[in-house]
Student: 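Starting off with a structure, shown below.
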Amino acid sequence: MSLWPVGCFRECCVLVTGGTSGIGLAIAEGFAAEGARVFAAGLEDIACPGLTTMTLDVRDKVAVDRFVGGLDRLDVVVNCAGLIRRLEEH
């Protein structure tokens with residue numbers, strides 16, 4: 001079951017940050033299943049059928065600008081990137 005009409009993302013270009021693992025990967029796969037061209041960006045380098053995956057640190061503005069500037073279009077951006085910082089125990 002989908003919240004969106006079947007095929008409504010067909011031909012769309014989607015960028016999912018944090019898209020190479022966990023919830024971000026599941027979101028990226030969902031868009032791909034709906035026919036979108038999906039770029040899954042994250043800190044891990046993975047291979048996943050139906051997705052174009054890349055290592056991209058969203059904290060690096062120059063790298064993000066370079067990537068987005070190279071696209072002919074970008075219809076959807078999902079920011080699912082996160083950083084977990086563990087505090088030292090005292």
Side-chain angles (χ1 to χ4, degrees):
M1 184 173 135
S2 175
L3 297 174
W4 309 103
V6 173
C8 75
F9 293 106
R10 189 170 294 122
E11 306 300 321
C12 285
C13 182
V14 177
L15 169 62
V16 181
T17 67
T20 58
S21 65
I23 294 169
L25 178 57
I27 292 169
E29 291 173 329
F31 274 107
E34 292 295 328
R37 177 178 165 211
V38 181
F39 294 94
L43 296 178
E44 300 173 20
D45 188 16
I46 67 164
C48 188
L51 304 178
T52 300
T53 60
M54 76 216 49
T55 302
L56 181 68
D57 186 343
V58 296
R59 298 172 295 177
D60 183 345
K61 183 180 181 335
V62 173
V64 172
D65 288 346
R66 186 178 318 123
F67 171 73
V68 172
L71 297 175
D72 56 339
R73 67 186 276 183
L74 183 58
D75 302 299
V76 178
V77 175
V78 177
N79 182 20
C80 199
L83 178 65
I84 297 174
R85 191 177 344 180
R86 298 179 198 271
L87 300 175
E88 292 183 34
E89 293 185 33
H90 292 96

Student: Name all residues meeting the side chain to side chain donor-acceptor pair (under 3.5 Å) criterion together with Asp57; count only those two or more places apart in sequence or in a different chain, and write none if there are none.
Tutor: Arg59

Student: Do Val78 and Leu74 belong to the same hydrophobic cluster, where Ile, Leu, Val, Met, Phe, Trp and Tyr are linked whenever their side-chain heavy atoms lie under 4.5 Å apart, directly or via other members?
Tutor: no

Student: Determine the minimum heavy-atom distance between Val58 and Val64, stating which atoms define it.
Tutor: CA-CG2, 3.8 Å

Student: Return the set of residues passing side chain to side chain contact (heavy atoms under 4.5 Å, CB included) with Arg73 (not counting sequence neighbours), or none when no residue passes.
Tutor: Cys13, Asp75

Student: What is the minimum heavy-atom distance between Cys8 and Cys12, and which atoms define it?
Tutor: O-SG, 4.1 Å

Student: For residues 4-14, which residue pairs qualify under salt bridge (Lys or Arg N to Asp or Glu O under 4.0 Å), counting only residues two or more places apart or in two chains?
Tutor: none

Student: Does Ile23 have more than 12 heavy atoms from other residues, nucleotides or ligands lying within 6.0 Å of its CD1?
Tutor: no

Student: By the side-chain hydrogen bond (donor to acceptor under 3.5 Å, both in side chains) test, which pairs, at least two apart or in different chains, include something from residues 62-71?
Tutor: Lys61-Asp65

Student: Indicate, with yes or no, if Leu25 and Val76 share a hydrophobic cluster defined by side-chain heavy-atom contacts under 4.5 Å among Ile, Leu, Val, Met, Phe, Trp and Tyr.
Tutor: yes

Student: What pairs of donor and acceptor atoms, side-chain ones from residues 38-54 against any protein atom, are under 3.5 angstrom apart with sequence neighbours left out?
Tutor:
| residue | atom | partner | partner atom | Å |
| --- | --- | --- | --- | --- |
| Thr53 | OG1 | Ile46 | O | 2.5 |

Student: Would you kindly confirm whether Val77 and Val16 end up in one hydrophobic cluster when ILVMFWY residues are joined by side chain heavy atoms under 4.5 Å apart?
Tutor: no

Student: State, to 0.1 Å, how close Ile27 and Cys80 come at their nearest heavy-atom pair, and which atoms those are.
Tutor: CD1-SG, 4.3 Å

